[in-house]
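The next block holds one structure in the form of structure tokens; read it before the comments.
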Amino acid sequence: MHMKALYNDGSVAEVEADEARHVIRHSAAHIMAQAIKRLYPEADFAYGPATDNGFYYDVDLGDKKISEDDLPAIEAEMKKIVKENLKFQVFELPRDQAVALMEERGEKYKVEHIGDLDEDARITFYQQGDYIDMCVGPHLTYTKALKAFKLTGVSGAYWKNDASNKMLTRINGTAFATKDELEEHLRLLEEAKKRDHRRIGREMDLFMMRDEAPGFPFFLPNGMILKNTLLDYWREIHHEAGYVEISTPQIMNKQLWLTSGHWDHYKDNMYSTMIDDEEYCIKPMNCPGGVLVYSSKPHSYRELPIRAGEIGLVHRHELRGALHGLFRVRCFNQDDAHLFVTPEQLTDEIVGVVRLIDSVYQKFGFKYHVELSTRPDDSMGSDEDWAAAEEGLKVALDKLGMDYVVNEGDGAFYGPKIDFHLEDSLGRTWQCGTVQLDFQMPQNFNLTYVDADGEKKRPIMLHRVCFGSIERFIGILIEHFAGKFPVWLAPMQVKVLPVSEKSRDYAHEVTEQLEAAGIRVVCDDRDEKIGYKIREARGVDRVPYMLILGEKEVEAGNISVRDRTNETVPMGVDEFIAKVVEEIRTRA
RNA sequence: GCCUGUAUAGCUCAGUCGGUAGAGCACUUCGUUGGUAACGAAGAGGUCACCAGUUCAAGUCUGGUUGCAGGCUCCA
């Protein structure tokens with residue numbers, strides 16, 4: 001799909017594909033702003049960019065409010081503007097005139113924006129009809145080129161993404177080159193909703209949420225199978241990677257959290273309780289416990305690196321507006337580990353951890369992106385330590401040749417981190433794995449090891465998780481597989497479906513044989529028709545294998561195996577058991 | 001915490017102008033013995049999230065609280 005785009009130097013060029021889509025969406029944002037301005041003359045616009053999925057504009061409407069009910073009117077006005085086929089024009093102004101123009105038009109956010117621009121920044125404006133917007137473009141050449149768009153919702157967003165600023169009204173929309181593409185996009189969104197882990201979790205009886213405990217998930221028997229199976233896998237690969245496993249207390253006294261720095265930097269997220277008139281905290285992180293284990297006895301350089309894993313249940317008071325299924329909860333299990341290493345071992349250990357995390361994500365076929373998160377405003381420690389720590393992570397990433405984006409100011413309060421982000425069904429990303437480099441905790445707790453020269457030295461501490469939180473990881477897994485887990489993970493691996501009462505005894509026999517082989521099998525011997533049972537096994541249980549057993553199979557002494565491709569093949573029971581057991585063993 | 005919505009049966013949803021509730025699926029029972037994505041009938045199931053208010057009367061209107069959804073902020 002070719003189309004023309006107007007650039008801020010006044011030139012016009014052909015654009016296509018992603019670039020064309022971006023131009024369409026960005027122009028849609030301007031046309032929406034023009035429509036809003038016509039309907040709400042007091043509207044004051046902030047930012048209005050194109051995004052990966054559409055576009056939005058943040059607007060300050062003063063005392064007025066816009067809700068979803070108002071969107072059809074705005075859409076209708078946009079259609080009028082499209083029909084008017086206004087020409088997009090571009091012009092540039094020197095700073096003082098740019099400010100004057102925006103002030104004259106009552107655009108105080110744009111004026112502030114100009115103030116934030118570099119001294120030598122070129123300030124360009126795009127105009128269609130009587131609407132003028134400060135913008136770097138490019139844009140469509142005429143409004144009629146906007147052929148397919150839809151406003152999708154209203155939300156709030158802080159000016160400059162800062163919670164201390166005013167909350168503006170964000171109006172979201174999406175636009176495509178053609179109506180067909182728009183329809184397809186909306187259809188895919190509907191499809192994605194069917195993969196929502198909250199919905200599948202309920203359908204498959206994996207977990208549940210209750211109003212009595214917002215943010216605290218309940219795991220049901222099927223969910224526990226999934227969780228425990230993941231943990232078995234986790235223990236196996238960590239044992240192979242030279243990790244030991246520990247477990248540290250849920251509740252430890254406030255003094256510990258003062259020493260670790262959590263009290264000063266993380267107090268608002270911590271739950272606490274009184275025990276015998278002394279204040280105790282419920283752990284929001286596992287590291288202080290891990291540190292206490294390390295510091296409980298002297299260590300030689302010969303013992304390092306120590307890699308101590310812990311499936312640690314942590315509780316954090318998250319803002320209720322942030323809660324989201326299993327993705328954002330108030331208590332979760334971290335597949336944590338703390339590594340105590342010498343400076344010489346540091347890079348290799350980071351590389352080892354990153355490789356381990358990568359191997360886990362490869363196992364499930366996840367695509368992910370990596371971020372290097374640097375020093376936040378609220379942090380502890382010296383500039384030198386932070387610089388060294390950030391450098392340490394960079395060196396490891398470079399050694400691995402990994403692509404990453406830098407996420408300024410998003411590190412933990414005690415150190416910078418490498419974050420691994422996974423996608424959910426809607427393409428939203430969630431941080432799962434992370435590797436954090438920490439010089440602070442060893443200092444705060446005066447951790448040492450005796451080096452070869454007999455001197456006491458300070459170990460460096462690495463915090464790391466692979467899954468991140470088991471809960472979040474399970475949520476991602478559910479959406480990734482749409483509940484159709486590989487055999488080794490499936491809570492129900494085989495469902496035996498007798499066609500009628502006549503084959504019920506045989507079905508029970510086969511079920512027992514599978515059970516004896518360690519296969520998770522359920523026999524649906526209800527008095528229902530075979531089509532009904534298949535429908536439920538497929539659509540609700542999402543079981544990898546169904547065994548259809550009728551008189552034919554009783555006669556032949558074999559089984560009919562139907563897999564997820566809906567192919568049905570006859571097979572001997574022993575042959576099938578061997579196949580499934582092998583798939584489970586190899587985690588195929 | 002903030003913005004915009006939203007809350008009726010286990011699930012998905014109807015419920016008009018305010019007159020104390022309905023469907024489909026699921027569940028239970030009975031019949032049915034059925035061969036690859038819904039067998040038939042009957043039954044049971046709701047303090048309409050909660051607390052106030054308006055009204056002769058509230059699922060319905062108003063206010064508040066809580067949960068939930070999509071965002072923002074924050075985060076694994």
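The structure displayed is predicted, hence computed values, not measured ones.
Using a 4.0 Å heavy-atom cutoff across all strands shown, A:E471 reaches no nucleic acid atom at all.
A:D525 has its CG atom 18 Å from the P atom of B:rU33, to the nearest Å. Between A:D524 atom CG and B:rU36 atom C1' the separation is 14 Å, expressed in whole Å. A straight line from CG of A:L323 to C1' of B:rC68 spans 10 Å, rounded to a whole angstrom. Between the NZ atom of A:K193 and the C1' atom of B:rA69 there is a distance of 10 Å, rounded to whole Å.
Nucleotides B:rC11 and B:rU16 have their P atoms positioned 22 Å apart, rounded to a whole Å.
Look at A:W430 and the base of B:rA76; the rings do not stack under the cut-offs of 5.5 Å between centres and 30° between planes.
Regarding the sugar-base torsion, B:rC39 falls in the anti class, its angle being beyond 90° of 0.
Closest to the A:D211 side chain, of the nucleotides B:rC39, B:rG67, B:rU36, is B:rG67. Residue A:K502 has its side chain nearest to B:rU33 when only B:rU33, B:rC39, B:rG35 are considered. Distances from the side chain of A:Y158 to the nucleotides B:rG34, B:rG35, B:rU73 place B:rU73 closest. Ranking B:rC2, B:rG34, B:rC75 by closeness to the A:R328 side chain, first place goes to B:rC75.
Put simply, the side chain of A:R472 and the base of B:rC75 share a donor and an acceptor less than 3.5 Å apart.
Using cut-offs of 30° and 60° for the angle between ring planes, the A:H463 and A:Y414 rings count as parallel.
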